[in-house]
Amino acid sequence: DTGVSQDPRHKITKRGQNVTFRCDPISEHNRLYWYRQTLGQGPEFLTYFQNEAQLEKSRLLSDRFSAERPKGSFSTLEIQRTEQGDSAMYLCASSFNRGTKNIQYFGAGTRLSVL
Amino acid sequence: GDSVTQMEGPVTLSEEAFLTINCTYTATGYPSLFWYVQYPGEGLQLLLKATKADDKGSNKGFEATYRKETTSFHLEKGSVQVSDSAVYFCALTQGGSEKLVFGKGMKLTVNP
């Protein structure tokens, strides 16, 4: 069990550029979640996958955001035409959905700074 | 929608002091309740959980009891250590997705 891995840890970009983040979940986990955390706030849900299917998206996830999880393994989160308001920590979590065992394990996050 | 309200900090305590962090929730149905902790420079870690009313979660000397009548899940520790310095988040799971809904977090600093 190597834990949830996120890459990169930090990303600095200019406004208007596209960025992509990667999340590698714990290998046997079938659910994968993306959250966003801004300074002084708790994480907010963005979207989640069960295997390769994206089953729910938050209203926070504008059209500029897209997430994929091909083959139900790693996931990517892309932000197009970044804005300064996108600056935040992007967190990935994974879990194995079975009965009451759905405990989410978090990665260390990707910190995005949009200049 | 469902929400979590938790005591805001920051809070500074001396080592061996008693800790209480208040957390109340608003939810339809019967959510599971969690406390997550974020140590400096690290990711969120599950500290403890409770899945039904009157359940008590405990870990590393921390305890919290799911109180349905007061919609609360207060976190307590009898004697804090310097190593407990971190940000503590109360959370609940919502809906079939079991996505987490978090409070704003409370930063705790424990001085020797």
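Letters go in sequence order (proteins before strands), and every chain restarts at 1.
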Self-check item: Cluster check B:L47, B:L44: I/L/V/M/F/W/Y, side chain < 4.5 angstrom
Solution: no
Exercise. Determine whether B:L108 and B:L75 fall in the same hydrophobic cluster, where Ile, Leu, Val, Met, Phe, Trp and Tyr are linked whenever their side-chain heavy atoms lie under 4.5 Å apart.
Key: yes
Quiz prompt | Atom group of A:E56 that falls short of 4.5 Å from chain B, counting heavy atoms | solution = side chain
Quiz item: Which bit of A:R111 comes within less than 4.5 Å of chain B, counting heavy atoms only: side chain, backbone, both or neither?
Solution: neither
Self-check item: B:F102-A:F45 aromatic ring centre distance below 6.0 Å
Solution: no
Self-check item: Proximity breakdown for B:Q38 and chain A, heavy-atom pairs closer than 4.5 Å
Solution: side chain
Exercise. Compare every heavy atom of A:Q37 with every heavy atom of B:F89, then report the nearest pair and how far apart it is.
Key: CZ-NE2, 3.3 Å
Atom [atom1] of [X]: over 12 foreign heavy atoms under 6.0 Å:
X: A:E52; atom1: CD; result: yes
X: A:E78; atom1: CD; result: yes
X: A:L55; atom1: CG; result: yes
X: A:L39; atom1: CG; result: no

Quiz item: With a 4.5 Å limit on heavy-atom distance, are the side chains of A:Y105 and B:Q45 in contact?
Solution: no
Quiz item: Just by modelled atom types, is the B:L100 backbone N or O under 3.5 Å from a matching donor or acceptor in the A:Y35 side chain?
Solution: yes
Quiz item: Are the side chain of A:Q104 and the backbone N or O of B:L46 linked by a donor-acceptor pair below 3.5 Å?
Solution: no
